[in-house]
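Input: a single structure, listed below in structure tokens.
On a predicted model such as this, the values are computed, not experimentally measured, just so you know.
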Amino acid sequence: MPNAAYASPSSTMEATAFLALEDFLHASVKGLWEAFWNQDEPMPLSVACLYDSNLKFYQAERAIANGKLGGLCATAIMVNNPRHPHGKWHDILEIALLRPVIESLTQEGEITFPSLSVLGEALFYGVRILLSRSLRRSRTPSILNSVFVIVTDCQYGGVVKIEGDMTQMDYDVNSAYQSAAEWIKNYARVSITPFDRIWNKLGNANWGDIGALQVLFATFHSMVQYAGLPKNSIEDLAADHGSRLQTRRNERRLGEIETGMNGNGLFKLQKRSVSPEIVEVQEEPVTIEPRKAVKLEVGSVLLVEDSNWQKSYQINEVLSDGEMLYYIVSCIEDPGKSLFLYVGSHPSQLEPAWEDMKLWYQVQRQTKVFTVMKQNGLSSKYLPQLSMSGKIIHPGSCRKLSSGGNCDNPWCGTPVLITSPVGKTVADMVRSGQFGSDEAIRCCHDCLSALSSAGTAGIRHGDIRPENIICVTSSLTHQFYFVLVGWGHAILEERDRPALNLHFSSTYALQEGKLCSASDAESLVYLLYFSSGGDLPELDSVEGALEWRDTVWSKRLIQQKLGDISAVLKAFADYVDSLCGTPYPMDYEIWLRRLKRHLQENGKEITTSS
């Protein structure tokens, strides 16, 4: 479900909302039918949207594809009717109204009840359904006298129940709505639940929260009206669920004991005949030899080969970015020049461990990005340079069976990436108190220059954080500058996805899993804010991260903090805020000129990047 708080209203957002509501209702009906009635027989119910021009029901996806989005006014749970594929009103069990106005009705920060206009609309929909059932003279009179209407927006929702005897309506064909209003006032009983959250800000349904449970309960009773009492009672299912949980807890304890005894706790997945759940079943102990990891120490020498030559590198320093190890090395042939060396995961080890996937991004994926940069002729002092990429040649004889294969030696075929220049990360500078106002402005300029250069080839970074920016001191001028490293998660094409970081990822990246034009700049703003002393919040969820971003931007806390450093950084933050989540391109040149002018006015040398 799209979140109106983070996106401007549009036809795309409206279409997504109708699809999300239809999915939510379908999941509710399907889950209830299989749990309480019969999971082996096909479900006799479906979900469709009402088109107001002809009062026919269509699947949301089909209606949107046919240009009917503007006329969709409700979503209904209906009894399947092969004779009338577009549905009849008397086939409706429950109807849902998706309206954007509910979210503005707050009382002490919480949604309470819908406005009178929305409530009136819900009542008339309910009366129409009851009237259609009555005119059809259904054989099941128990369903004639009550109907549930769900009223919801993109976050909150509640249930309106209308019940009463339609035979008491004094119907005037010339004043239908007046007749219905008189019946509601005199003979109907209307019940309204408090409105509560159904979807969180990421668009996921909070199935265990009051808002979603109210809708589920109403849907359950609507299905009882049609299908009769369920085969399984709520009490029986709850008791069965409790016993299953206890069984799984016991099995997990056994697994923990097993792990403590023999170093592994392997379980096989087995489907029991008495339950549709996949449960953990204890298995006999299996002895697995731990794989050997590639470890390098200061003083070690690596022989690396690529398609053209072989070179030897000596390890001078072992570093860590908080997650992965990397190394400062020097080539034996040129010991005066320091380089960064990254060691990837052995090809046979890529599958089992998530840590090895991180190594793959650090080495193999980053090598691909640098290759694309080279092919596009990108050259900038603020971008890392590819010195060499290849594979380790291990000492001793190699027993690989083919030229393209690897032997069982843990070094054999292990990929490495070697880049320049070498420097101190912003994370280390912040910890040692070396990241001041001059460094912040210079960092902003140099990173924007790197992003601008990469952007000419359609490449975006996607993982800007303090560990991925290094400060380099020029051997000629002894001036410092910053280089944007860590391009393993760079976006080369539409299907690529950025790394997600609760503190540094852009709002659009957290919401959509991809970048907009200003996403890298937004991440850079967060980096400057935190690195310059901004309060670092404790974030444990994407939803919490989005709420924090909404708060600091709305209260202008980031602009205030960066304004303490420089007016140009404050203006840059305002500019990024105006672009967040929009399709408008980032204008790097104007901000590079402004930052360069500021640095030159303060006596700082700037070398134009090629």
Side-chain angles (χ1 to χ4, degrees), residues 380-383 426 429-430 435-456 459-466 468-471 480-484 498 501 503-510 515-536 548-609:
S380 169
K381 66 180 290 185
Y382 307 118
L383 290 173
V426 169
M429 295 178 70
V430 172
F435 195 84
S437 58
D438 290 342
E439 287 77 13
I441 298 171
R442 171 79 70 163
C443 179
C444 185
H445 172 275
D446 296 352
C447 288
L448 287 181
S449 182
L451 293 173
S452 176
S453 298
T456 59
I459 301 173
R460 288 169 288 174
H461 191 278
D463 190 20
I464 293 180
R465 50 192 173 93
N468 282 339
I469 301 175
I470 59 172
C471 182
F480 70 89
Y481 62 96
F482 290 88
V483 177
L484 185 56
N501 186 296
H503 288 100
F504 298 103
S505 289
S506 69
T507 303
Y508 193 78
L510 292 177
L515 302 186
C516 67
S517 61
S519 287
D520 281 333
E522 184 182 346
S523 295
L524 179 59
V525 168
Y526 297 141
L527 180 144
L528 295 173
Y529 171 74
F530 291 129
S531 300
S532 302
D535 293 332
L536 189 69
W548 175 82
R549 282 157 172 74
D550 187 45
T551 299
V552 295
W553 285 117
S554 62
K555 294 184 177 180
R556 298 182 56 79
L557 299 180
I558 291 178
Q559 290 92 323
Q560 292 173 16
K561 186 64 180 179
L562 296 184
D564 294 340
I565 300 173
S566 166
V568 69
L569 287 186
K570 180 181 180 181
F572 176 65
D574 275 324
Y575 173 74
V576 171
D577 184 28
S578 69
L579 283 185
C580 289
T582 71
Y584 301 111
M586 178 81 187
D587 189 346
Y588 289 104
E589 293 305 318
I590 187 173
W591 291 102
L592 288 173
R593 288 197 299 268
R594 293 186 64 176
L595 289 163
K596 181 179 179 180
R597 187 187 311 119
H598 177 90
L599 289 168
Q600 290 174 337
E601 290 173 354
N602 287 273
K604 307 299 180 183
E605 181 180 342
I606 286 287
T607 302
T608 303
S609 166

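Here the closest heavy-atom approach between residue A521 and residue F572 is recorded as CB-CZ, 4.1 Å. Smallest separation of non-hydrogen atoms from L528 and A440: CD2-O, 3.5 Å. Across S531 and V430, no two heavy atoms sit closer than the pair CB-CG2, 3.7 Å. Across all their heavy atoms, C471 and M429 have their closest contact at CB-SD, 3.4 Å.
Looking only at side-chain heavy atoms (C-beta outward), H445 and Y481 stay at 4.5 Å or farther from each other. Between C443 and I469 the shortest side-chain heavy-atom distance falls below 4.5 Å. By the 4.5 Å heavy-atom criterion applied to side chains, C447 and L524 are counted as neighbours.
Among pairs with a residue in residues 577-595, none fulfils salt bridge (charged side-chain N to carboxylate O under 4.0 Å, His left out), at least two apart in sequence or across chains.
In terms of the side chain to side chain donor-acceptor pair (under 3.5 Å) criterion, residue partners of S519 (sequence neighbours excluded) are, by chain and number, S506. By the side chain to side chain donor-acceptor pair (under 3.5 Å) test, Y526 pairs with E522, W553, sequence neighbours left out. Residues meeting the side chain to side chain donor-acceptor pair (under 3.5 Å) test with W591, sequence neighbours left out: none. Partners of D463 by side chain to side chain donor-acceptor pair (under 3.5 Å), not counting sequence neighbours, listed by chain and number: R465, N468.
The closest donor-acceptor contact from the side chain of D446 to the backbone of Y382 lies at 3.5 Å or more, if one exists at all. Formation of a donor-acceptor pair under 3.5 Å by the E439 side chain with backbone atoms of G436 is found in this model. Panel note: side chain S452, backbone L448; no donor-acceptor pair is recorded below 3.5 Å. Between the side chain of S380 and the main chain of A450, no donor-acceptor pair closer than 3.5 Å is present. Distance alone, capped at 3.5 Å, places no donor-acceptor pair between the S532 side chain and the Y529 backbone.
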Return all side-chain donor-acceptor pairs below 3.5 angstrom for residues 559-569, not counting sequence neighbours, or 'none' if the list is empty.
{"unit_1": "Q559", "atom_1": "NE2", "unit_2": "D574", "atom_2": "OD1", "d": "3.0"}
{"unit_1": "Q560", "atom_1": "NE2", "unit_2": "K555", "atom_2": "O", "d": "3.4"}
{"unit_1": "S566", "atom_1": "OG", "unit_2": "V568", "atom_2": "N", "d": "3.1"}

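A distance of 6.5 Å separates CG of L527 from CZ of F435, quoted to the nearest 0.5 Å. Between atom CG of residue L510 and atom CZ of residue R549 there is a gap of 5.0 Å, rounded to the nearest 0.5 Å.
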Audit row: F482, V426, side chain to side chain contact (heavy atoms under 4.5 Å, CB included) steps and yes/no: CA-CA 9 Å; F482 290 88; V426 169; 3.9 Å; yes
